[in-house]
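One structure is given below, encoded as structure tokens.
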Amino acid sequence: MLAAAICLPVPLRRSFDYRVDAALAGRLRRGCRVRVPFGRRTLVGVVVGAPRELPEGADELRDIEAVLDDEPPIPAELLALCEWAADYYLHPLGEVLAAALPAALRRGAMPATAQTEGYALTAAGRAALETLPPRHRAQRSLLQALSTAPRSRADLVATAAVLRRALDAGWIEAADAPAATPASGTPTPTPEQAAALDRLAAGDAGFAVHLLEGVTGSGKTELYLRRIEAALAEGRQALLLAPEISLTPQLDARLRERFGDGVHRFHSTLTDRAREQVWLRARDGRARIVVGTRSAVWLPFARLGLIVVDEEHDTSYKQQDGFRYSARDVAILRAQRLDVPVLLGTATPSLESLHNARSGRYRHIRLQRRVHDTPPPQVRVLDVRGLPLDHGLSPPLLQAVDRHLDQGGQALLFLNRRGYAPVLLCHACGWNAPCTHCDAHLTLHRGRNRLICHHCGAQQAVPRHCPSCSATSLIAVGAGTERIEQALANRFPQYRVARFDSDRITSHEALERQLADIRDGRTQILVGTQILAKGHDFPGLSLVGIVSADQALYGTDFRAVERMGQLVTQVAGRAGRAGQPGEVWLQTHEPEHPLLQTLARDGYGALCDALLAERRDTGLPPYAHLALLRAEAREAGQALRFLQLVRPCFEAPDVTVYEPLPSGMERRAGLARAQLLLQSASRAALHRSLGAAVARLQQMPEARRLRWSVDVDPYDLM
DNA sequence: CCGTAGCCACCC
DNA sequence: GGTGGCTACGGA
């Protein structure tokens with residue numbers, strides 16, 4: 001009996017064998033989709049093993065109902081990458097494949113054909129233009145329009161029927177619309193950029209990881225564009241990964257200006273259909289450049305020649321639920337398997353990448369000069385202890401804002417906390433608006449007049465009286481962006497304040513509008529969260545105020561200070577007008593904190609030195625590798641007991657298995673959470689321990705009574 | 001007597 | 001994850 005191994009979209013870390021008709025065996029290639037019966041249901045699966053002969057006496061297998069593809073929709077390279085990722089992240093392959101397939105294909109639909117973007121005139125069409133009688137007006141005007149250059153579908157006035165006729169006659173053919181020519185020519189690189197380009201182009205074209213560490217404004221994007229150009233010149237495609245693409249309109253605009261219609265965007269807010277179109281064009285090679293968020297790392301490129309990871313330190317590359325992969329790390333592995341270069345760009349490298357660069361595993365290229373030669377901003381630590389705070393803002397900071405606005409500058413206030421206030425407190429009885437599903441406080445949102453949990457999304461109306469004691473003495477404690485915005489609007493009524501956070505910025509257009517108001521000088525004060533740290537140029541910005549850096553200093557998460565250093569440096573980099581250094585003020589109640597001092601006095605690089613020394617001493621990444629077994633259960637204690645029970649399964653040479661602990665926020669969205677931390681200096685040893693333990697866990701009845709998952713290279717230990 | 005809630009094994 | 005089978009109760 002012939003059988004084939006099929007992988008199904010179920011959370012089971014194994015494949016299932018189905019019987020293959022001898023006549024079918026030839027058609028059934030790895031990567032093809034099939035429709036198979038599974039229990040009571042019918043599912044769409046992917047062939048992961050070529051048909052093979054089963055030994056005599058093997059159990060009867062069920063039949064494959066239908067083979068959906070002649071050609072595998074997933075190229076062999078991508079299927080192998082998914083298999084690697086399933087193994088590395090200890091995640092079911094079926095769910096990994098689901099991340100790599102468009103929704104319609106996952107459901108079993110036939111792949112749509114990539115819609116044509118444009119048309120070109122054929123030789124026959126050129127001849128027809130000469131001979132076609134004038135009465136064929138529609139055809140003549142279509143051919144005329146295409147006679148100088150190919151045009152995109154949108155540029156042509158022809159109806160679908162007219163196009164169809166011209167295609168049938170062989171007068172026109174589908175073609176990519178022409179790339180827009182650069183609007184103002186490519187800028188001449190600075191000597192520093194030119195040297196960096198030489199180093200990027202040096203050596204063979206094969207696999208290499210380049211860490212491009214460039215201060216804000218040093219012109220990293222221009223280097224990306226040049227390398228992309230080089231890849232395209234060899235007939236290859238390029239993938240540019242970016243954090244939250246809808247929030248980087250400037251990058252998008254620059255790519256389009258340089259490369260025209262060959263640039264495709266791929267992100268989670270596209271419709272399923274639009275995603276499928278980009279997926280198909282990546283596969284047929286017509287999408288020459290894809291700019292996308294982390295899921296774009298799974299696109300089925302036909303001839304990928306370069307991957308750029310912009311803002312490589314950004315946390316959004318790590319998926320934080322379900323299949324917990326790091327798109328940056330998968331990108332590096334994919335590039336290695338394809339033998340093509342990867343470019344990691346950032347002003348503030350992650351400690352992992354910095355360590356790899358310093359140890360020689362990555363090539364380290366640094367850009368230290370800003371293109372317009374603006375000196376780097378000086379960060380001043382502002383001791384706010386004992387100062388009267390106006391909604392979180394100290395008098396010296398407010399005076400600085402006043403001074404800068406008065407001199408025609410713009411001011412940015414950064415605060416990584418949305419809403420009006422993080423706590424609503426009853427002054428009479430101490431009730432503090434707890435979330436009923438999480439160990440967290442509800443955040444007061446004045447604009448929407450709601451109390452909202454930022455961890456599970458639960459919300460309720462803002463009570464007038466304390467729900468516990470009926471007193472009317474409810475006070476908002478602490479400050480979020482809404483409150484800072486209001487405080488500044490009250491204090492500086494003659495200036496306009498704009499708020500940038502995910503409550504206010506809900507679309508590409510809203511962001512563009514607010515950014516335009518700043519560039520045109522209609523808005524003078526900006527208040528916002530990390531959205532403001534991401535790649536926007538504010539040419540008139542002269543002052544940056546960081547409302548508080550203290551959260552990170554008290555934080556228990558081992559990456560909190562690294563993240564704070566990145567945010568402060570990124571936000572500070574927005575300050576400074578042509579030729580003039582910006583001013584950066586950092587409010588704190590811990591002005592003597594050594595790491596804060598290091599950051600302010602010596603910059604991000606020095607902070608990294610200090611943090612790397614700390615990580616080495618404590619055996620944390622990048623000097624050791626971590627993994628977590630996470631467990632969630634209805635009842636507090638159940639998750640912890642489970643982890644205690646399975647802890648011995650992970651014991652292995654060179655692996656430290658810590659005591660299971662309740663997660664940083666134990667209850668979240670109604671579930672009690674706990675985690676088991678594993679640490680090893682050897683990635684191989686850690687992976688062996690995980691592999692063996694997961695195999696045993698799947699056999700354990702206790703493991704079926706709650707939800708558990710593995711997090712390899714966890715981003716935070718909360 | 002049936003109805004259903006909650007638990008658990010199984011899915012090629 | 002989805003499904004169906006099993007057991008344990010409760011209402012007329």
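Order of the sequence lines fixes the chain letters, A, B, ..., with proteins taken first and strands second; residue numbering starts at 1 for each chain. Model, not experiment: these values are computed from the prediction.
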Report the distance from atom CD of A/Gln699 to atom P of B/dC8, rounded to the nearest whole Å.
17 Å
Taking only side-chain nitrogens and oxygens of A/Arg40, does any of them come within less than 4.0 Å of OP1 or OP2 of C/dG2?
no
Rounded to whole angstrom units, what separation is found between the CE atom of A/Met700 and the P atom of B/dC8?
14 Å
Below 4.0 Å: OP1/OP2 of B/dC8 and any side-chain N or O of A/Arg704
no
Between A/Glu276 and A/Arg106, is there a side-chain N and carboxylate O pair less than 4.0 Å apart?
no
Expressed in angstrom and rounded to an integer, what is the separation of A/Tyr18 atom OH from B/dC11 atom P?
10 Å
A/Leu12 near the nucleic acid: base, sugar-phosphate alone, or nothing, with a heavy-atom cut-off under 4.0 Å?
base
Does A/Arg14 contact B/dC12 through a side-chain donor or acceptor facing the base, at a distance under 3.5 Å?
yes
Can you tell me the distance, in whole Å, between the CD atom of A/Glu702 and the P atom of B/dA9?
10 Å
Considering every strand and a 4.0 Å limit on heavy-atom distances, what is the contact class for A/Pro37: base, sugar-phosphate, or nothing?
sugar-phosphate
If you measure from OG on A/Ser663 to CZ on A/Arg668, what distance do you get to the nearest 0.5 Å?
9.5 Å
Give A/Arg41 one of three labels, base, sugar-phosphate or nothing, depending on what nucleic acid heavy atoms sit under 4.0 Å from its own.
base
Rounded distance (Å) that lies between atom C1' of B/dC12 and atom CD of A/Glu60
11 Å
Without decimals, in angstroms, what is the distance between A/Asp17 CG and B/dC10 P?
18 Å
Rounding to an integer number of Å, can you tell me how far A/Leu54 CG sits from B/dC12 P?
15 Å
Under-4.0 Å salt bridge between A/Arg35 and A/Glu65:
no
A/Phe38 has a side chain; which of B/dC11, C/dT3, B/dA9 sits nearest to it?
B/dC11
Between A/Ile6 (CD1) and B/dC12 (P), how many Å, whole number?
13 Å
Side-chain donor-acceptor pair under 3.5 Å between A/Arg303 and A/Gln237, yes or no?
no
Would you mind telling me which of A/Leu24, A/Asp21, A/Val20 makes a side chain to side chain contact (heavy atoms under 4.5 Å, CB included) with A/Val67?
A/Leu24
